[in-house]
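All heavy atoms count here, side chains included; hydrogens, waters and symmetry mates do not. Just so you know, ligand 1 is whichever comes first in the structure, and atom 1 is the first atom listed for that ligand.
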Amino acid sequence: MEFNITYKLSYVALICLLFLSPPFVSSQLNYKFYDSSCPNLSKIVQQGVRSAIANDSRIAASLLRLHFHDCFVNGCDASILLDDSSTLKGEKNALPNKDSARGYEVIDNIKLALEEACPCTVSCTDILTLAAASAVYFSGGPYWPVPLGRRDGLTASIDAANNDMPSPFESLDNIAAKFTAKGLDLKDVVVLSGAHTIGLAQCFTFKTRLFNFSESGKPDPVLDRSLLIKLQRVCPNQADSDTTLSPLDPVTSTKFDNIYFKRLVNKSGLLQSDQLLMGDNRTAPMVISYSRFPNLFNKDFRESMVKMANIGVLTGRTGQIRRNCRVVN
Ligand code: HEM
Ligand SMILES: *[C@@H]1O[C@H](CO)[C@@H](O)[C@H](O)[C@H]1NC(C)=O
Ligand SMILES: *[C@@H]1O[C@H](CO)[C@@H](O)[C@H](O)[C@H]1NC(C)=O
Ligand SMILES: *[C@@H]1O[C@H](CO)[C@@H](O)[C@H](O)[C@H]1NC(C)=O
Ligand SMILES: *[C@@H]1O[C@H](CO)[C@@H](O)[C@H](O)[C@H]1NC(C)=O
Ligand SMILES: *[C@@H]1O[C@H](CO)[C@@H](O)[C@H](O)[C@H]1NC(C)=O
């Protein structure tokens with residue numbers, strides 16, 4: 001399987017040598033970017049995401065998160081997809097990604113299908129952006145058209161991945177600063193955190209809340225009592241439970257809805273960084289309105305996703321169209 005993919009991709013690379021770069025490349029993202037060069041693009045991405053979800057219901061969440069981790073580190077440039085090599089230290093082993101980020105094979109498979117349909121045309125970062133949007137849609141969330149034309153980066157940065165990704169243990173001010181550094185605001189923090197309506201988290205990402213919050217020797221007081229007891233059973237106070245998984249939204253962990261926000265109002269957020277949104281008078285009113293108005297959440301989520309997918313994009317003649325998403329051409 002592994003060998004097969006490598007073989008197919010090197011074959012694709014050969015074919016790409018026959019293609020010249022197009023005479024004009026737009027320097028702005030737009031909805032029609034691949035309309036003539038790859039008319040079946042969205043169909044192919046959707047098919048890839050649909051079959052991946054049929055095989056693994058968690059993968060929708062994983063693809064959405066992978067796109068976030070791409071865009072927050074040197075912009076949306078598919079840097080997260082690069083494997084380590086002798087000349088490049090990738091981001092896959094950065095703390096927020098190692099044994100945590102997933103979905104790489106799904107992007108490989110979609111890329112393979114696209115190299116057959118329209119070789120050397122679609123960037124890996126556009127594939128990831130489209131896959132994240134499809135993942136939300138197939139999970140019952142909003143649909144939005146995705147502006148396209150991003151190009152793939154030539155580098156990756158493990159340091160930027162470690163420094164720029166927000167951690168679940170940080171204060172809201174720190175997290176907000178990391179968003180602001182990318183051109184996003186406090187509203188984007190709240191609405192994009194709503195992505196935690198799907199997917200899973202490992203116990204170590206919230207365990208201090210259960211036993212020794214802020215070195216108090218006690219659980220986090222802002223955690224619903226009955227949820228606390230349940231979580232203490234799932235994640236006992238021993239290192240061997242660190243990688244045990246728990247749903248971010250246990251009511252509907254594969255359905256994209258606004259129950260995440262209802263749970264924050266109920267003191268039932270899983271991560272400290274989730275629950276903090278309810279503990280600050282700048283963000284709590286937004287949490288409450290998203291908990292009441294699912295359509296408002298869907299609309300604002302769409303808008304913030306398009307904003308996030310614009311961070312530091314390479315267009316025009318910068319970057320490249322990678323042939324294999326795991327290596328620079
Ligand atoms: C606001 C700051 C954020 C923090 C501190 C944060 C932190 C985390 C953590 C700790 C996990 C669990 C990882 C693990 O246990 O391996 C997680 C999972 C996840 N995050 Fe976030 N996140 C944030 C924002 C976002 C954003 C903006 C998105 C997407 C728009 C997102 C989407 C997800 C998804 C979908 C999962 C589940 C992934 C899966 O099941 O594979 N998160 N996040
Ligand atoms: C698009 O896909 C359809 C089948 O799904 C195929 O018949 C058609 O040839 C494809 N078009 C292009 C331009 O690849
Ligand atoms: C199905 O999902 C599992 C778990 O994520 C993964 O290991 C496996 O490679 C997937 N199989 C296919 C054919 O995608
Ligand atoms: C809580 O954590 C602090 C710092 O790691 C430690 O000094 C303290 O002993 C812990 N308390 C309990 C009850 O585990
Ligand atoms: C929030 O708490 C209220 C009152 O305890 C309960 O009726 C409701 O079902 C809870 N909602 C969620 C999403 O857990
Ligand atoms: C928000 O809380 C801070 C500190 O708790 C307080 O000083 C401020 O007046 C509050 N602002 C609003 C709008 O309630």
Do [X] and [Y] make a side-chain contact, defined as non-hydrogen atoms from C-beta onward lying under 4.5 Å apart?
{"X": "Q232", "Y": "F211", "value": "yes"}
{"X": "L200", "Y": "R58", "value": "yes"}
{"X": "L184", "Y": "V189", "value": "no"}

Residue and atom name of the nearest protein heavy atom (relative to [atom]), distance in Å to one decimal:
{"atom": "atom 9 (C) of ligand 1", "result": "L271 CD1, 3.8 Å"}
{"atom": "atom 2 (C) of ligand 1", "result": "P166 CG, 3.5 Å"}
{"atom": "atom 16 (O) of ligand 1", "result": "S100 OG, 2.5 Å"}
{"atom": "atom 25 (C) of ligand 1", "result": "F68 CE2, 3.2 Å"}
{"atom": "atom 13 (C) of ligand 2", "result": "P39 CG, 3.6 Å"}
{"atom": "atom 4 (C) of ligand 2", "result": "K43 NZ, 4.2 Å"}
{"atom": "atom 42 (N) of ligand 1", "result": "H196 NE2, 2.9 Å"}
{"atom": "atom 30 (C) of ligand 1", "result": "A195 CB, 3.6 Å"}
{"atom": "atom 10 (C) of ligand 1", "result": "P168 CG, 3.6 Å"}
{"atom": "atom 12 (C) of ligand 1", "result": "A201 CB, 3.6 Å"}

> Which of the atoms of ligand 3 are close to R102, meaning less than 4.0 Å from one of its heavy atoms?
Replying inline: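 Near R102, meaning under 4.0 Å from one of its heavy atoms, ligand 3 has 5 (O).
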
> When the aromatic ring centroids of F256 and F138 are compared, is their separation below 6.0 Å?
Replying inline: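 They do not qualify: ring centres at least 6.0 Å apart.
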
> Centres of the F297 and Y260 rings: under 6.0 Å?
Replying inline: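 No, the ring of F297 stays outside the 6.0 Å limit from the ring of Y260, centre to centre.
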
Classify the contact between [X] and ligand 1 as side chain, backbone, both or neither, using a heavy-atom distance cut-off of under 4.0 Å.
{"X": "R58", "result": "side chain"}
{"X": "T205", "result": "side chain"}
{"X": "L245", "result": "neither"}
{"X": "S62", "result": "both"}
{"X": "S273", "result": "side chain"}
{"X": "S167", "result": "backbone"}

Using a strict cut-off of 4.0 Å, indicate which atoms of ligand 1 neighbour a heavy atom of [X].
{"X": "L248", "answer": "18 (C), 19 (C), 36 (C), 37 (C)"}
{"X": "S193", "answer": "1 (C)"}
{"X": "G199", "answer": "37 (C), 40 (O)"}

> Taking N or O atoms only and a 3.5 Å limit, does L64 qualify as a polar contact for ligand 1?
Replying inline: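 L64 vs ligand 1: no N/O contact under 3.5 Å.
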
Search all heavy atoms of [X] against all heavy atoms of [Y] and return the closest pair with its distance.
{"X": "L64", "Y": "M305", "result": "CD1-CE, 3.4 Å"}
{"X": "L172", "Y": "L276", "result": "N-CD1, 3.8 Å"}
{"X": "N310", "Y": "C76", "result": "N-SG, 4.3 Å"}

Donor-acceptor contact below 3.5 Å, side chain [X] vs main chain [Y]:
{"X": "D152", "Y": "S123", "result": "no"}
{"X": "S241", "Y": "Q238", "result": "yes"}
{"X": "S62", "Y": "G103", "result": "no"}
{"X": "K92", "Y": "L81", "result": "yes"}
{"X": "N329", "Y": "I321", "result": "yes"}
{"X": "Q320", "Y": "G153", "result": "no"}

> Can a non-hydrogen atom of F179 be found less than 4.0 Å from any atom of ligand 1?
Replying inline: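 Distance cut 4.0 Å: F179 passes for ligand 1.
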
> Can you find a non-hydrogen atom of D274 under 4.0 Å from ligand 1?
Replying inline: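 Heavy atoms of D274 never come under 4.0 Å of ligand 1.
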
> Any non-hydrogen atom of R58 lying under 4.0 Å from ligand 3?
Replying inline: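 Heavy atoms of R58 never come under 4.0 Å of ligand 3.
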
> M308 and side chain to side chain contact (heavy atoms under 4.5 Å, CB included): which partner among H67, K182, E303?
Replying inline: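 One option only clears the test, and that one is H67.
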
>> Please determine whether residues I175 and M165 belong to a single hydrophobic cluster, defined as Ile, Leu, Val, Met, Phe, Trp and Tyr linked transitively by side-chain heavy-atom distances below 4.5 Å.
In response: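 I175 clusters together with M165.
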
> Would you say A117 contacts ligand 2, with heavy atoms under 4.0 Å as the rule?
Replying inline: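 It does not, in that no heavy atom of A117 comes within the 4.0 Å cut-off of ligand 2.
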
>> Checking contacts now, so for atom 7 (O) of ligand 2, which I'm interested in, is there any protein heavy atom under 4.0 Å?
In response: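 Under 4.0 Å from atom 7 (O) of ligand 2, zero protein heavy atoms found.
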
> Which one of I44, N40, L41 has a non-hydrogen atom at the shortest distance from atom 10 (C) of ligand 2?
Replying inline: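 Answer by nearest heavy atom: N40.
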
>> Tell me the nearest of Q202, E170, K178, R65 to atom 15 (O) of ligand 1, using heavy-atom distances.
In response: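 Considering heavy atoms of Q202, E170, K178, R65, the nearest to atom 15 (O) of ligand 1 sits in Q202.
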
